[in-house]
K.L.:
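Would you mind keeping the following structure in view while I ask a few things?
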Amino acid sequence: MNLFAEIRALVVDALGQMAADGALPAGLDLSAVSVEPPRDAAHGDMATNAAMVLSKPAAMQPRAIAEALAAKLAADPRITKAEVAGPGFLNLRLSPLVWQGVVKAALVDGAGFGKSDMGQGAKVNVEFVSANPTGPMHVGHVRGAVVGDALSNLLAFAGWNVTREYYINDGGAQVDVLARSAFERYREANGLEPEIREGLYPGDYLIPVGEALKAKYGTSLLDKPEADWLKDVRDFATEMMMQMIREDLATLGVKMDIYSSEKALYGTGEIEAAIETLRGMDLIYDGVLEPPKGKTPEDWEPREQTLFRSTAHGDDVDRPVKKSDGSWTYFAPDIAYHYNKVRRGFDMLIDIFGADHGGYVKRMKAAVSALSGGKVPLDIKLIQLVKLYKNGEPFKMSKRAGTFVTLRDVVEEAGADVTRFIMLTRKNDVALDFDFAKVLEQSKDNPVFYVQYANARINSVIRKAREAGIDCSDATLAGLDLSGLTHEAEIELAKKIAEWPRLVEIAAKGNEPHRVAFYLYELASDLHGLWNRGNDDLSLRFYQEGNAATSATKIALARATGVVIGCGLGILGVTPVEEMR
RNA sequence: GGUCCCGUAGCUCAGUUGGAUAGAGCAGCCGCCUUCUAAGCGGCUGGUCGAGGGUUCGAAUCCUUCCGGGACCGCCA
């Protein structure tokens with residue numbers, strides 16, 4: 001149930017009646033009419049811009065429309081007051097009945113409270129992480145993994161049919177480097193001195209790969225030329241790396257639906273087919289690119305390449321799909337891969353990339369636009385850097401991986417729940433500071449703690465009530481007469497709860513899971529505020545000593561808050577805690 | 001040089017996609033523990049929303065020109 005949608009329907013209905021009565025011209029476009037919470041609570045519970053939006057097309061004074069609309073709306077039992085304000089806003093005050101109904105709805109819907117059907121079951125593919133299979137995941141990957149996973153949860157909650165996908169970059173030169181690096185570890189496992197030359201991956205994580213190679217091949221590869229072992233070792237090492245990456249993701253609670261392989265695109269004709277499809281649209285040609293404007297690279301010289309006319313779909317320059325030696329650029333399999341996603345029938349594609357891929361966005365969108373006939377939107381979220389700190393000092397930690405901090409280091413230090421929540425406390429395109437000391441601190445500076453603490457308080461009061469013999473099951477609470485919830489402080493909290501379904505839709509619409517984290521912080525703040533008012537005003541405590549009926553009513557409100565915290569944390573992929581320790 | 005992102009309180013950041021007097025947290029100041037967890041709550045102080053111009057009933061939000069910071073910029077992935 002989305003209260004705002006409900007009231008908007010009421011407004012639209014009233015406008016329809018006005019048109020029928022001749023108070024408004026018929027056939028007005030009402031799509032711009034919105035019902036929103038006013039920024040200033042003193043203006044009421046909800047405000048509609050209907051009069052201002054319709055003023056011009058209806059050729060009427062906004063206030064005249066607003067006053068007629070107010071009269072219609074005031075007849076509805078849910079509306080206690082409708083007043084015209086400012087340039088033509090219509091401010092509505094809602095009856096306590098409405099807010100009590102929200103509490104009840106949260107208790108009835110439980111974990112499904114706020115679910116939306118706005119996605120209408122449309123198929124969306126969220127591609128994220130897609131780290132090269134050449135080593136363990138590091139900090140740089142963590143944020144993308146968390147954002148992608150939480151966004152997937154959010155979209156599923158909002159009614160999309162979500163597929164989480166990982167694109168394995170196992171087709172380029174980097175997996176050959178991996179193979180050579182692993183081969184040195186294989187030699188090491190056989191008692192030889194490894195030669196970790198410049199350009200190879202030095203990390204200790206390849207030692208077990210070397211040992212596994214020894215277990216499989218014994219000494220049989222040692223004297224063979226690279227050409228004889230490269231493919232086998234590459235496949236073997238890549239598979240082990242992917243295994244490690246899957247485990248890394250699991251420690252964060254991320255589980256992919258599909259792992260797609262770049263390598264698998266080669267040799268199947270998929271790349272050729274994608275390029276030919278573009279060629280059929282006259283979007284592929286052989287040509288010579290202009291040098292980059294301004295600063296020309298020193299070794300730049302014109303070369304003929306096969307190019308994609310991405311400028312036809314909004315890019316700034318055309319992009320090469322073949323190198324001058326005739327082999328594919330990285331872009332070509334990427335085109336094929338996205339074409340593959342389009343052909344699998346997705347209605348919407350989302351890519352989560354690192355910020356260093358910013359230059360890639362336009363060409364990728366151009367490719368998808370061309371290959372889907374403009375029908376499948378591609379949204380690319382760029383994930384900015386995470387800067388690690390410990391007590392304000394830049395933090396370096398390198399246990400085993402050479403020069404970088406691994407995902408496991410982070411999760412072991414901070415825990416998966418804390419890591420996930422903090423990674424979602426910023427918009428994706430803003431850099432984020434992650435201070436190990438701060439994120440573990442138990443104070444309100446720390447949003448994770450603050451939200452968890454609110455949940456713990458709710459559970460604490462429910463425990464206490466249960467000990468006193470009060471039935472606090474959701475079903476029982478939902479069946480109560482909640483007309484006793486009338487204090488403005490209690491209504492305040494119920495209003496915040498009422499915002500949840502709307503927030504889900506706003507966040508899903510913009511593919512912005514961070515909004516959930518901010519909302520939860522605000523909700524927790526309202527809960528803490530009400531809780532503390534119980535210090536001064538005993539009648540505001542959730543648990544009322546010796547009064548089971550009143551306690552149950554108030555606990556219904558607390559529990560409804562807990563339900564929403566549970567829904568929100570569920571989307572973020574964070575486990576709610578029952579009590580603080 | 002080009003493209004993209006960012007610029008909001010002393011600091012870290014939100015800002016419901018164009019709504020009314022721009023909001024939180026931290027820091028600073030003043031209060032609140034005989035208490036369902038004070039690991040918390042309330043109040044005060046603090047803003048030319050980087051700058052100028054434009055669009056309209058209305059702009060932090062959209063357009064434009066600057067300024068400042070970052071990322072990227074053919075045959076790396």
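Note that this is a predicted model, so its numbers are computed, not measured. Reckoned from all heavy atoms, side chains included, excluding hydrogens, waters and symmetry mates. Here is how names work: the chains are called A, B, and so on, in the same order as the sequence lines, proteins then strands, and each is numbered from 1.
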K.L.:
May I ask you to say what A:H514 touches in the nucleic acid, namely base, sugar-phosphate or nothing, with a heavy-atom cut-off under 4.0 Å?
P.N.:
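It contacts sugar-phosphate atoms only.
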K.L.:
Going through the distances and angles, do A:K381 and A:N511 end up as a side chain to side chain contact (heavy atoms under 4.5 Å, CB included)?
P.N.:
CA-CA 9 Å; A:K381 292 285 178 193; A:N511 296 329; 3.5 Å; yes
K.L.:
Report yes or no: do A:Y519 and A:R515 form a side-chain donor-acceptor pair below 3.5 Å?
P.N.:
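No, no side-chain donor-acceptor contact under 3.5 Å.
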K.L.:
Name the nucleic acid region contacted by A:G529, choosing base, sugar-phosphate or nothing; use a 4.0 angstrom heavy-atom cut-off, strictly under.
P.N.:
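Since only primed, P, OP1 and OP2 atoms lie under 4.0 Å of A:G529, the category is sugar-phosphate.
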K.L.:
Between the side chains of A:R309 and A:D315, is the shortest nitrogen-to-carboxylate-oxygen separation below 4.0 Å, so that they form an ion pair?
P.N.:
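Looking at A:D315 and A:R309, the cut-off is not met.
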K.L.:
Using Watson-Crick or G-U wobble geometry with both distances under 3.5 Å, which nucleotide pairs with B:rG31?
P.N.:
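Check on B:rG31: paired to B:rC41, both distances under 3.5 Å.
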K.L.:
Assign each of A:E522 and A:E578 to its nearest nucleotide of RNA chain B by heavy atoms, then name whichever residue's nucleotide is nearer the 5' end.
P.N.:
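The residue whose closest nucleotide sits nearer the 5' end is A:E522.
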K.L.:
Across the strands shown, which category fits A:S324 at heavy-atom distances under 4.0 angstrom: base, sugar-phosphate, nothing?
P.N.:
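It contacts base atoms.
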K.L.:
Please check the phosphate of B:rC75 (OP1 and OP2 only) for any side-chain N or O of A:T329 closer than 4.0 Å.
P.N.:
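So the side chain of A:T329 is outside the cut-off, no N or O lying under 4.0 Å from OP1 or OP2 of B:rC75.
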K.L.:
May I ask you to check whether A:Y337 and A:Y167 place their ring centers less than 6.0 Å from one another?
P.N.:
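Yes, they do, as the ring centres are separated by less than 6.0 Å.
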K.L.:
What string of B, S and - do you get for nucleotides 17-31 of chain B, 5' to 3', when a contact is any protein heavy atom under 4.0 Å?
P.N.:
B-BB-S-SSS-----
K.L.:
Once you apply the 3.5 Å cut-off to both distances, tell me the Watson-Crick or G-U wobble partner of B:rC62, or none.
P.N.:
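Across any shown strand, B:rC62 pairs with B:rG54.
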K.L.:
Looking at B:rA77, I'd like to know if its phosphate oxygens (OP1 or OP2) sit under 4.0 Å from a side-chain N or O belonging to A:K263.
P.N.:
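Answer is no, no contact under 4.0 Å.
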K.L.:
Look at A:R457 and B:rA38 and indicate whether a side-chain polar atom (N or O) is within less than 4.0 Å of OP1 or OP2.
P.N.:
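True: A:R457 side-chain N/O within range (under 4.0 Å) of B:rA38 OP1/OP2.
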K.L.:
Say you draw a straight line from CG of A:L503 to CZ of A:F4; how long is it, rounded to the nearest 0.5 Å?
P.N.:
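A:L503 CG to A:F4 CZ: 10.0 Å, rounded to 0.5 Å.
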K.L.:
Please check: side-chain N/O of A:E467 versus main-chain N/O of A:I462, any donor-acceptor pairing under 3.5 Å?
P.N.:
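Between the backbone of A:I462 and the side chain of A:E467 there is no qualifying donor-acceptor contact (under 3.5 Å).
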K.L.:
Does A:W328 place a side-chain N or O at less than 4.0 Å from the phosphate oxygens OP1/OP2 of B:rC75?
P.N.:
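It does not, given that no N or O in the side chain of A:W328 lies less than 4.0 Å from OP1 or OP2 of B:rC75.
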K.L.:
Go ahead and name the base partner of B:rA71; Watson-Crick or wobble counts if both distances stay under 3.5 Å, otherwise write none.
P.N.:
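Its partner is B:rU3 (Watson-Crick or G-U wobble, both distances under 3.5 Å).
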K.L.:
Within the 4.0 Å limit for protein heavy atoms, which parts of nucleotides 5-12 of chain B are touched? Write it as a string from 5' to 3', B for base, S for sugar-phosphate only, - for none.
P.N.:
SS-----S
K.L.:
Looking at every strand, decide which applies to A:F449 at a 4.0 Å heavy-atom threshold: base, sugar-phosphate, or nothing.
P.N.:
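Base contact - A:F449 has a heavy atom under 4.0 Å of at least one base atom.
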K.L.:
Tell me if a side-chain donor or acceptor on A:D429 pairs with a main-chain N or O of A:L382 at a distance below 3.5 Å.
P.N.:
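Answer holds: no.
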K.L.:
Mind checking the C1' distance from B:rU45 to B:rC29? Whole angstroms is fine.
P.N.:
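Pairwise C1' distance, B:rU45 against B:rC29, rounds to 7 Å.
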K.L.:
Using the six-membered ring wherever Trp is involved, compare the ring planes of A:H528 and A:Y450 and label them parallel, tilted or perpendicular (cut-offs 30° and 60°).
P.N.:
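It falls in the tilted class, 30° to 60°.
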